[in-house]
Amino acid sequence: GTVVALVPAAGRGVRLGETTPKAFVPVGGSAMVRLAVEGLIASGAVDRIIVMVPAEFVESAVALLPPSDSVHVVVGGAERIDSVRAGIAAAPEAAYFLVHDAARALTPPGLIARVAAELRAGHLAVVPALPVADTIKTVDAAGAVTGTPDRAQLRAIQTPQGFAAELLRAAYLSEGVQATDDAGLVELLGTQVHTIQGDPLAFKITTPLDLLLAHAVLDGADF
Ligand code: CTP
Ligand code: MG
């Protein structure tokens with residue numbers, strides 16, 4: 001079955017605070033979106049890659065991505081969910097989807113390959129997960145603590161998130177649904193989502209501190 005990677009890269013990067021949209025911010029000389037696409041190619045697990053970018057960045061994306069018949073650029077949407085929906089529409093041939101944030105630019109190719117392998121092994125939905133270091137609390141609108149979920153049962157979820165294509169298409173059929181990740185939409189359908197061990201290097205570059213960390217990693221920092 002054909003594995004299609006969808007790369008949401010159409011965000012503005014408000015929290016990073018650069019003038020360029022985040023996916024086009026360089027890390028160690030390459031735009032984040034290029035690093036993310038190179039990682040997908042290096043995994044050897046992906047047949048085609050569709051990158052969703054802001055409308056006015058289509059040309060620059062085509063220019064900076066690795067030249068390949070299997071890498072395509074399409075226009076994303078106002079919210080991440082809209083960008084993923086645009087990617088799904090551009091890949092009617094997909095048997096499996098890997099949805100992978102451009103902002104997780106340093107994701108090891110081996111993690112990508114493991115997600116794809118779990119799909120081929122028969123899991124319908126697969127996400128990388130890591131234990132959380134902080135205690136997580138719920139709070140109300142006034143900031144008062146309303147609860148402390150047992151940390152041992154919590155996981156931080158990364159990308160790539162892998163799905164049987166028909167399942168992801170079904171999850172995105174319903175308009176007006178809300179979730180902070182793609183697996184969240186699949187969960188709403190009642191389908192079980194399988195976790196595998198994530199990787200610290202698949203962290204999402206969100207803030208200036210994250211960008212500093214990414215530069216340090218690429219400079220070969222020992223940690
Ligand atoms: N994304 C997208 N389309 C959007 C919003 C986000 O394709 N309308 C992508 C981003 O480019 C990023 C990924 O989804 O690769 C994860 O989103 P996030 O880290 O939140 O990036 P931004 O939305 O760009 O950042 P911010 O929320 O700080 O503005
Ligand atoms: Mg965002």
Side-chain angles (χ1 to χ4, degrees), residues 4-28 30-41 43 46 48-62 64-66 71-91 94 97-108 111-112 115 127-130 156-163 168 171-172 175-186 198-215 217:
V4 177
L6 306 178
V7 182
R12 293 289 151 185
V14 172
R15 288 168 289 181
L16 190 60
E18 303 267 334
T19 50
T20 321
K22 184 165 76 178
F24 295 84
V25 170
V27 186
S30 291
M32 285 186 208
V33 64
R34 181 182 171 107
L35 291 173
V37 166
E38 286 173 343
L40 287 162
I41 294 171
S43 78
V46 174
R48 197 156 84 90
I49 302 172
I50 298 173
V51 183
M52 295 78 79
V53 304
E56 67 277 23
F57 277 80
V58 170
E59 274 179 49
S60 47
V62 169
L64 65 78
L65 288 173
V71 178
H72 294 93
V73 177
V74 303
V75 177
E79 303 292 336
R80 184 182 181 283
I81 198 168
D82 306 310
S83 297
V84 174
R85 192 174 270 122
I88 291 171
F97 283 116
L98 298 183
V99 188
H100 186 43
D101 293 329
R104 298 183 190 272
L106 304 187
T107 302
L111 176 61
I112 298 164
V115 172
V127 300
L130 286 178
I157 301 301
Q158 305 177 315
T159 75
Q161 298 191 351
F163 305 96
L168 193 67
Y172 270 82
E175 296 284 338
V177 287
Q178 290 291 334
T180 53
D181 71 345
D182 304 288
L185 293 177
V186 163
D199 191 304
L201 286 174
F203 71 100
K204 186 157 69 75
I205 301 170
T206 305
T207 66
L209 183 61
D210 298 327
L211 189 57
L212 195 65
L213 175 62
H215 277 118
V217 170

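Each ligand, and each atom within it, is numbered from 1 in the order the structure gives.
Distance alone, capped at 3.5 Å, places no donor-acceptor pair between the Ser30 side chain and the Leu35 backbone.
Residues Glu18 and Lys22 are not paired through a salt bridge, judged by the lack of any N-O separation under 4.0 Å between the basic side chain and the carboxylate. Electrostatic pairing of Arg12 and Glu79 does not count as a salt bridge here, judged by no charged N lying under 4.0 Å from a carboxylate O. Electrostatic pairing of Asp181 and Arg80 does not count as a salt bridge here, judged by no charged N lying under 4.0 Å from a carboxylate O.
Counting heavy atoms of neighbouring residues, nucleotides and ligands inside a 6.0 Å radius, atom CD of Glu56 exceeds 12 of them.
Put simply, CD1 on Ile81 and OH on Tyr172 are 5.0 Å apart, with the number rounded to the nearest 0.5 Å.
Within 4.0 Å of ligand 1, protein heavy atoms come from Pro8, Ala9, Ala10, Gly11, Arg12, Gly13, Val14, Arg15, Lys22, Gly77, Ala78, Glu79, Arg80, Ser83, Asp101, Ala102, Ala103, Lys204.
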